[in-house]
Number of protein chains: 2
Amino acid sequence: MRRHRVRVGRSGPQPANDEILDAQGGVATLAEAAYRRLRQDIVAGVFAPSQPLRLELLKQRYGLSFSPLREALNRLQTERLVVTAPLRGFSVAPVSIEEMWDATETRILIECEALRRSIAHGDDDWEAGIVAAFHALDLQVRRKAASSGIGDDELIALETRHQDFHRALIVRCRSRRLIDIADQLYVETQRYRLPTLAGQNPAASRDVALEHRQIMEATLERRGDEAAALLAAHYRKTSTIVESYMERAPAK
Amino acid sequence: MRRHRVRVGRSGPQPANDEILDAQGGVATLAEAAYRRLRQDIVAGVFAPSQPLRLELLKQRYGLSFSPLREALNRLQTERLVVTAPLRGFSVAPVSIEEMWDATETRILIECEALRRSIAHGDDDWEAGIVAAFHALDLQVRRKAASSGIGDDELIALETRHQDFHRALIVRCRSRRLIDIADQLYVETQRYRLPTLAGQNPAASRDVALEHRQIMEATLERRGDEAAALLAAHYRKTSTIVESYMERAPAK
DNA sequence: AAATATCTTTCTTTCGAAAATATGGCGTGT
DNA sequence: ACACGCCATATTTTCGAAAGAAAGATATTT
């Protein structure tokens with residue numbers, strides 16, 4: 001699972017630590033790299049929900065020392081991907097249907113407001129960004145549909161485009177906080193979506209691309225109420241599917 | 001500024017580290033203690049906005065080593081009280097009128113929604129909690145009005161009661177996320193309120209207690225729209241005062 | 001046999017030092 | 001004088017080890 005070598009910050013006392021992970025763009029510090037990789041692995045389900053994250057294990061897996069791992073885990077804790085009890089270390093945050101709905105409804109509250117504000121303030125660049133993100137997502141969806149097996153890297157690319165599209169819609173809301181909270185809730189809900197996607201037949205009775213297109217069109221035509229309603233319905237539909245999946249396959 | 005001694009976790013290699021800070025209830029780990037003290041000091045303005053937080057300084061000031069300080073700073077970073085550039089260390093997050101309004105309006109969005117939901121679901125315990133928190137706040141306000149000089153500990157007590165009252169209003173919203181985001185935004189906005197309070201004449205042309213009472217009454221009588229409107233007006237009024245204060249006394 | 005105490009093991013947490021980078025001063029050349 | 005590069009210093013970041021708790025195992029007592 002190790003990739004190419006990327007210089008990252010300094011290398012520590014012992015000589016050979018240059019070849020460190022990351023693979024996703026130059027990262028300045030090992031703590032930052034640890035943060036990204038841990039988040040990725042938790043969201044992707046490499047570590048199961050509620051699983052204890054023993055530091056010795058992480059140290060081996062990522063080839064890092066305690067300090068950067070601890071910093072990463074502390075950040076992930078405030079982002080609700082990791083939980084911790086004072087002298088008992090860290091664990092992957094547990095999952096539940098209640099938590100999923102809370103994340104979903106909070107996301108709807110935040111993003112609908114941000115979308116309305118973006119529609120109120122959006123300029124030409126904003127519109128262009130939405131169209132571009134939509135097409136990039138669309139292309140990636142077709143590419144995935146073409147290749148039968150869903151490669152790991154392809155899934156990451158797809159999720160990135162998906163997040164980019166939804167972020168493009170709200171990016172002109174003029175509130176850093178709304179955007180950041182939305183980003184965080186995206187990652188939280190992604191945790192619930194990914195296992196569902198993996199265990200589902202590709203011909204799901206749902207046209208996600210169409211839903212995205214309708215949201216985009218309502219947004220570009222500045223119909224705020226309709227765009228917000230479509231967006232909320234889009235998220236609730238997804239969560240309903242995830243919910244029924246979770247009821248069939250409990251734990252995991 | 002050092003208080004009594006409180007056992008906290010272990011004590012580290014060198015013998016005399018038992019007597020560690022905190023003073024606010026038993027804390028299990030030094031990192032947790034560092035987090036609370038740092039947050040308190042940033043909010044109280046002990047460290048000025050944008051001031052670099054040199055680790056050597058913090059190490060001396062709190063009698064701790066790098067590790068717990070770094071963990072605390074990383075958590076504060078995700079809470080917007082601290083900013084960091086990759087190899088340039090940490091600084092206190094800068095303040096600006098724009099940021100203050102963003103925090104305020106986001107808080108209004110979150111808390112008004114949470115208040116409506118609490119009003120929809122609230123039971124007797126919830127109502128009792130609100131009344132109790134209101135009176136505790138009221139008592140503390142009178143106590144403060146009695147003593148001319150505003151003691152440091154008294155101000156902390158007052159702020160705690162204030163936060164408790166506002167939290168009591170929304171606590172039955174059935175969403176951990178809304179409550180947590182509201183808590184976080186309370187701390188963020190507190191940073192702006194405190195300097196204003198310090199530099200203001202006590203007979204400010206405003207009856208905060210009355211505003212609180214009106215919010216409480218509308219809430220208890222389940223008039224959701226009115227309660228939300230009063231709450232929003234309450235927060236906007238405060239921020240308007242803070243804004244004019246910031247315009248007169250820029251930096252700081 | 002059950003309950004309790006003690007010991008061992010495992011793990012987290014903290015520390016101090018080492019390694020790497022950034023910063024600022026100084027000198028040199030144009 | 002100004003710009004540019006080099007060296008010394010200050011600061012961050014990372015590491016490995018040491019110090020304590022928690023969890024589990026074993027023994028002891030009732």
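Letters A, B, ... mirror the listed sequences (proteins, then strands); counts begin at 1. No experiment lies behind these values; they were computed from the predicted model shown.
- The separation between A:Leu58 atom CG and C:dT12 atom C1' is 12 Å, rounded to whole Å.
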Please set out all donor-acceptor pairs under 3.5 angstrom arising from side-chain atoms of residues 63-71 of chain B, sequence neighbours excluded.
| from | atom 1 | to | atom 2 | distance (Å) |
| --- | --- | --- | --- | --- |
| B:Arg70 | NH1 | A:Glu71 | OE1 | 2.9 |
| B:Arg70 | NH1 | A:Glu71 | OE2 | 2.2 |
| B:Glu71 | OE1 | A:Arg70 | NH1 | 3.0 |
| B:Glu71 | OE1 | A:Asn74 | ND2 | 3.0 |
| B:Glu71 | OE2 | A:Arg70 | NH1 | 2.2 |

Exercise answer: donor-acceptor pairs, residues 85-99 of chain A side-chain atoms, under 3.5 Å, sequence neighbours excluded:
| from | atom 1 | to | atom 2 | distance (Å) |
| --- | --- | --- | --- | --- |
| A:Ser96 | OG | A:Glu99 | N | 3.1 |
| A:Glu99 | OE1 | B:Arg177 | NH1 | 3.0 |
| A:Glu99 | OE1 | B:Arg177 | NH2 | 3.1 |

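- Between B:Leu64 atom CG and C:dT14 atom P the separation is 9 Å, expressed in whole Å.
- What separates CG of A:Leu57 from C1' of C:dC11 is a distance of 13 Å, to the nearest Å.
- Distance CG (A:Leu87) to P (D:dA21): 8 Å, rounded to an integer number of Å.
- Checking B:Arg37 against B:Tyr62 by side-chain atom types alone, no donor-acceptor pair falls below 3.5 Å.
- Qualifying side chain to side chain contact (heavy atoms under 4.5 Å, CB included) partners for B:Asp125, counting only residues two or more places apart in sequence or in other chains: B:Asp123, B:Arg172.
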Nucleotides 8-11 of chain D: which of its N/O atoms have a protein N/O under 3.5 Å away?
none

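- Residue pairs meeting the salt bridge (Lys or Arg N to Asp or Glu O under 4.0 Å) criterion with at least one member in residues 46-59 of chain B, sequence neighbours excluded, do not occur.
- Among the protein residues, A:Leu53 comes within range of the sugar-phosphate backbone only, with heavy atoms under 4.0 Å from sugar or phosphate atoms but none that close to a base.
- By the side chain to side chain contact (heavy atoms under 4.5 Å, CB included) test, B:Glu113 is found to be paired with A:Leu109, B:Arg117, B:Leu178, residues two or more places apart in sequence or in another chain being considered.
- Shown for residues 65-79 of chain A: residues whose heavy atoms fall under 4.0 angstrom of DNA chain D, namely A:Ser65, A:Phe66, A:Ser67, A:Pro68.
- Residues passing the side chain to side chain contact (heavy atoms under 4.5 Å, CB included) test with B:Arg174, sequence neighbours excluded: B:His121.
- With sequence neighbours excluded, the residues that form a side chain to side chain contact (heavy atoms under 4.5 Å, CB included) with B:Arg161 are B:Ala136, B:Leu137, B:Gln140.
- Whole-Å rounding puts the A:Lys59 NZ to C:dC11 P distance at 13 Å.
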